[in-house]
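We count ligands from 1, going down the list as the structure has it; atoms in each ligand are counted the same way.
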Amino acid sequence: MFETIFELINNQFPQDGIPLHEPRFGGNEQTYLAECVESTMVSSVGAFVDRFEEAVASYTGSKYAIAVVNGTQALFVALKLAGVGPGTEVLTQSLTFVATANAISYCGATPHFLDVDVETLGLSPAALEDFLANQTEIRDGQRINRTSGRPLSACLPMHTCGHPCRIAELAEICHTYELPLIEDAAESLGSTYQGQHTGTFGLFGTLSFNGNKIITTGGGGMILTNNAELAAATRHLTTTAKQAHRYEFIHDQIGYNFRMPNINAALGLAQIEQLPAFVREKRQLATDYRQTLATLPLTLVDEPADCQSNFWLNTLLFDNPEQKISFLEQANRRGIFARSLWRPMHLLEIYRDCPHGDLPITEDIYQRAVNIPSSVRVTP
Ligand SMILES: *Cc1c(COP(=O)(O)O)cnc(C)c1O
């Protein structure tokens, strides 16, 4: 069976050493970068930042988009401005990249891990509802985790490998329990749920433009929000909280230097111009993979119902953990750089003491899942 998969991957990517996901620069990258250097405006403000922000807002349908240095700090700032403070708990999934949990920790808050759905690999509305209904209560006007005694300050689902989670249902539950919703949409630029772009359902959504994501700025991130006041607060806090003044430096908070440099935005603008083509191509790759893999005794994670997925990464689910390890060993020895899904947060030493219930789906998926090379293919 492995031979069939290796042959399939080698046919899609005829090259020596096949990374999991590498960038494609086939548009205006050189032109915009040269223009940016020429202008000397390579640093933290400039026309490319404005143009890139407008392009992302327009593509996602978000009212506001604020470009920042990376996806991790985008999450941190969004959580902070949503009111996540020290001593509180944030409900999130254990099956995620470590940045999701780290951003919660940077706020002085504690991640509380819930299970995911097998169809989406994202936070389970049933698990969220069950926890909120049965293990929390209102004390002094705050919703408290009865076991830990800590107030709940937000809910932070993630759209795993680009597949939208059941975000409308999560939003509904958060609304009922008056919990701010922030979406980690780092992996899901180009993915929609019932036609609405991921990252636009909550108070904030965040994107990443790291080198391995569907489009890249080298390093970078974006904060999405439909709220004018929060958008202004986000710009202010990420620009050292400097008040507008012609020549004085007056800062009214301890802010951050988190804005995206213009030179990164130049790259980003060229990249987002190609995003519709990238999404089309990645969806075609998923279809091509599916055609051959359909005959094998394994599952290729598919687009959830009511969704369009960007198929950032294609995920195989083997029947058992031994197959996963054996596949990863053999693939990597042959220069096919397939990877495991992230070790779930509650199984990492650094997060093992954080609150969580039973996480059977998370653990089962982790033990059987493998991501295979999923870059945009180079068309001859
Ligand atoms: C990539 C990623 C991030 C972090 O983005 P950076 O730009 O690398 O800081 C956050 N969350 C998830 C789920 C990611 O995949």
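Under the ring pair (Phe, Tyr, Trp, His ring centres under 6.0 Å) criterion, Y59 pairs with H197, not counting sequence neighbours.
Considering backbone and side-chain atoms alike, N212 places every N or O at 3.5 Å or more from each N or O of ligand 1. The N/O atoms of D184, backbone and side chain alike, include one that comes under 3.5 Å of an N/O atom in ligand 1. For L75, no nitrogen or oxygen atom sits less than 3.5 Å from a nitrogen or oxygen atom of ligand 1, counting backbone and side chain alike. At under 3.5 Å, a nitrogen or oxygen of T72, whether backbone or side chain, sits near a nitrogen or oxygen of ligand 1.
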Original post:
Should Q274 and F25 be marked as a side-chain contact (heavy atoms from CB on, under 4.5 Å) after you check the CA-CA gap, both sets of side-chain angles, and the distance that decides it?
Top reply: CA-CA 9 Å; Q274 299 160 80; F25 301 125; over 6 Å; no
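The aromatic rings of Y32 and F48 sit tilted relative to each other, their planes meeting at an angle between 30° and 60°. In this structure, F76 and Y256 have perpendicular ring planes: the angle between them is above 60°, well past the 30° mark. Between H346 and H356, the ring planes are tilted. Angles from 30° to 60° get that label. Relative ring orientation between H245 and Y247 is described as perpendicular, the plane-to-plane angle rising above 60° on a 0-90° scale split at 30° and 60°. In this pair, F327 and F2 present their aromatic rings perpendicular. The plane angle is above 60°, beyond the 30 to 60° band.
Every atom of ligand 1 is numbered from 1 in the order shown, and the set under 4.0 Å from a heavy atom of A186 is 2 (C), 3 (C), 10 (C), 11 (N), 12 (C), 14 (C). In summary, the atoms of ligand 1 found under 4.0 Å from a heavy atom of M158, numbered by their order in the structure, are 13 (C). Residue N210 approaches ligand 1 through these ligand atoms, each under 4.0 Å from one of its heavy atoms: 7 (O), 8 (O). Residue-ligand proximity, K213 to ligand 1, at heavy-atom distances under 4.0 Å covers atoms 1 (C), 2 (C), 14 (C), 15 (O).
Both the backbone and the side chain of N70 come within 4.0 Å of ligand 1, judged by heavy-atom distances.
Checked by atom type, the side-chain pair D184/T100 shows a donor-acceptor distance below 3.5 Å.
Under the 6.0 Å distance and 45° angle rule, K80 does not count as a cation-pi partner of Y106.
The nearest heavy-atom contact from the protein to atom 5 (O) of ligand 1 is S208 OG, 3.2 Å. Of the protein's non-hydrogen atoms, the one nearest atom 10 (C) of ligand 1 is A99 CB, 3.5 Å.
Distances from atom 13 (C) of ligand 1 to the heavy atoms of Q73, E187, H159 put E187 nearest.
Within the 4.0 Å heavy-atom cutoff, G220 counts among the residues contacting ligand 1.
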